[in-house]
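As structure tokens, the structure follows; a few thoughts come after it.
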Amino acid sequence: MTESLPEFADAVDPDEVATDLVVVTGVSGGGRSTVARALENVGFYVVDNLPQALMLDMAQLAFQAGGAARRTAMVLDVRSRAFSTDLAGAVRALKERGFSPRVVFVDADDEVLIRRFESVRRSHPLQGDGRLADGITAERKLLAEAREQSDVIIDTSHLNVNQLRRRVEELFGGEDVRKLRITVLSFGFKYGLPPDADYVLDARFLPNPFWVPDLRDHTGLEDAVSKYVLDQEGAGTFVSNYAALIASTAPGFEREGKRYLTVAVGCTGGKHRSVAITEELTAQLRDMRLAAHPSHRDLGRE
């Protein structure tokens, strides 16, 4: 005999809900499985391929179970027959019951997804008799609203497995989950803009250490390059002004319920100037008691 689910009250008391809920979705081949494993590493109980219709029941069960289940991640897969495009409605139902789910959308460029599928010789779950690109396009249409309404988008186009794992651990580790978390991300303009950036800072107005023979082969993480960049005229003002701007807007973002902010700092190749500025900006934001951490997307690509 099948055991029925327990009956729950109409809503739980928000003051009593210590349950930390994360909902993970995204494109096939984007890295959902890696995100799920990384969440397990930081203490989440992960339910993979959960039918969307059971999200509320799972949240209630986690609340009642307590203990380790109070940190629960639900991974939704477009391949599930129970998947619907109304993820926003399911999340709204959770909020109406007093929960505060965080929605993570895992994405990647079409070209990267095609290479990943081809490397493992798999077809896309939605391509049918068509091409890989057709399946990717169909899935993007299905997930468009979910992507738009997610709390954080993790673009894995330029991340390896270890980098993606570290990104998840930075976002969902031991810090206060109610605080705005700021990722200061260095990148190279020649590799494209980060699609998940909220602010984009351009450090190309500073002299490029690439043209200094003694610095060319070093990075902005090293003292000599960092000092060269930060000692340039205007560099200090550039960093302090942006730190003040971000600090002044952070309380507003928190009031509006935004939990993740990505500040992208770009230079030509993402090796020297943007890396040094990213490290200094992160340090100043931390001095302002903001939860900031650095990330370097394109470091090592040259």
Side-chain angles (χ1 to χ4, degrees), residues 152-155 158-159 163 166-167 169-171 173-176 178-256 258-302:
V152 60
I153 298 171
I154 302 179
D155 187 280
H158 304 293
L159 300 179
Q163 290 170 328
R166 285 196 297 270
R167 175 84 168 109
E169 290 173 352
E170 288 165 352
L171 289 171
E175 295 180 65
D176 186 347
R178 296 167 296 179
K179 293 177 64 176
L180 179 70
R181 298 186 183 188
I182 303 170
T183 298
V184 187
L185 176 71
S186 71
F187 73 96
F189 277 98
K190 72 179 184 179
Y191 300 116
L193 289 170
D196 54 344
D198 297 294
Y199 289 109
V200 176
L201 285 57
D202 190 344
R204 291 177 296 182
F205 74 95
L206 297 169
N208 192 348
F210 179 84
W211 302 113
V212 179
D214 290 341
L215 301 178
R216 177 175 298 177
D217 295 331
H218 299 275
T219 76
L221 293 175
E222 298 174 67
D223 290 340
V225 175
S226 179
K227 186 177 188 309
Y228 177 87
V229 171
L230 296 175
D231 283 351
Q232 298 298 324
E233 183 178 357
T237 302
F238 178 79
V239 176
S240 60
N241 283 351
Y242 271 110
L245 171 65
I246 295 163
S248 67
T249 58
F253 282 128
E254 290 179 337
R255 287 194 299 270
E256 292 301 310
K258 188 173 180 65
R259 296 171 180 173
Y260 309 98
L261 188 73
T262 299
V263 179
V265 183
C267 63
T268 303
K271 179 179 179 180
H272 298 110
R273 293 167 291 182
S274 63
V275 174
I277 295 293
T278 289
E279 292 290 325
E280 177 62 21
L281 180 57
T282 300
Q284 292 195 21
L285 291 174
R286 286 175 173 171
D287 288 342
M288 296 174 175
R289 304 184 67 81
L290 292 171
H293 66 269
S295 182
H296 304 291
R297 191 190 76 175
D298 298 324
L299 193 61
R301 295 188 69 173
E302 290 187 343

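Atom CZ of residue Arg301 and atom CG of residue Leu299 lie 11.5 Å apart, to the nearest 0.5 angstrom. Remark: Asp298 CG to Cys267 SG distance equals 8.5 Å, nearest 0.5 Å. Interatomic distance, Phe253 CZ to Leu180 CG, rounded to the nearest 0.5 Å: 7.5 Å. One distance of note links CG of Asp196 with CG of Asp198; it measures 7.5 Å at 0.5 Å rounding. Taking OG1 from Thr249 and OH from Tyr199, the interatomic distance works out to 3.0 Å, rounded to the nearest 0.5 Å. Here the straight-line distance linking atom OG of Ser240 with atom CG of Leu281 works out to 10.0 Å at 0.5 Å rounding.
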Go through Asp202 and Val200 one step at a time and tell me if the side chain to side chain contact (heavy atoms under 4.5 Å, CB included) criterion holds.
CA-CA 7 Å; Asp202 190 344; Val200 176; 5.9 Å; no
Start with the C-alpha distance between Tyr260 and Thr183, add both sets of side-chain angles, then the distance that settles side chain to side chain contact (heavy atoms under 4.5 Å, CB included), and finish with yes or no.
CA-CA 8 Å; Tyr260 309 98; Thr183 298; over 6 Å; no
Under the side chain to side chain contact (heavy atoms under 4.5 Å, CB included) criterion, do Arg216 and Trp211 qualify, and how do the steps go?
CA-CA 7 Å; Arg216 177 175 298 177; Trp211 302 113; 4.0 Å; yes
Candidate pair Leu221 and His296, rule side chain to side chain contact (heavy atoms under 4.5 Å, CB included), full reasoning:
CA-CA 10 Å; Leu221 293 175; His296 304 291; 3.7 Å; yes
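With salt bridges taken as basic N to acidic carboxylate O contacts below 4.0 Å, one links Asp231 and Lys227.
Contact check for Arg297 versus Pro194: side-chain heavy atoms found under the 4.5 Å cut-off. Residues Ile277 and Val239 meet the side-chain proximity criterion, which asks for heavy atoms closer than 4.5 Å. The shortest side-chain heavy-atom distance between His293 and Arg167 falls under the 4.5 Å cut-off. Between Val184 and Ile246, every side-chain heavy-atom pair lies at or beyond the 4.5 Å cut-off. The closest side-chain heavy-atom distance from Val263 to Leu285 is not below 4.5 Å.
Heavy atoms only, all atoms of each residue included: Gly220 and Ser226 are closest at O-CB, 3.8 Å. Here the shortest heavy-atom pairing between Thr278 and Leu185 reads OG1-C, 4.0 Å. Minimum heavy-atom separation, Ala250 to Leu290: CB-CD2, 4.0 Å. Shortest non-hydrogen contact noted between Pro209 and Tyr228 is CG-CD2, 3.6 Å. Of all heavy-atom pairs spanning Met288 and Ala243, the tightest one is SD-O, 3.7 Å. Smallest separation of non-hydrogen atoms from Ser274 and Val265: CB-O, 3.1 Å.
Aromatic pair Phe205/Phe238: ring centres closer than 6.0 Å.
Residue pairs meeting the side chain to side chain donor-acceptor pair (under 3.5 Å) criterion with at least one partner in residues 264-273, sequence neighbours excluded, are Thr268-Arg273.
Side chains of Ser295 and Arg166: a donor-acceptor N/O pair is absent below 3.5 angstrom, by distance only.
A cation-pi geometry, defined here as NZ or CZ lying under 6.0 Å from the six-membered ring centre and within 45° of its normal, holds between Arg204 and Phe189.
Under a 3.5 Å cut-off, the side chain of Thr237 and the backbone N or O of Gly234 do not form any donor-acceptor pair. Not one N or O on the side chain of Gln284 forms a donor-acceptor pair closer than 3.5 Å with the backbone of Glu280.
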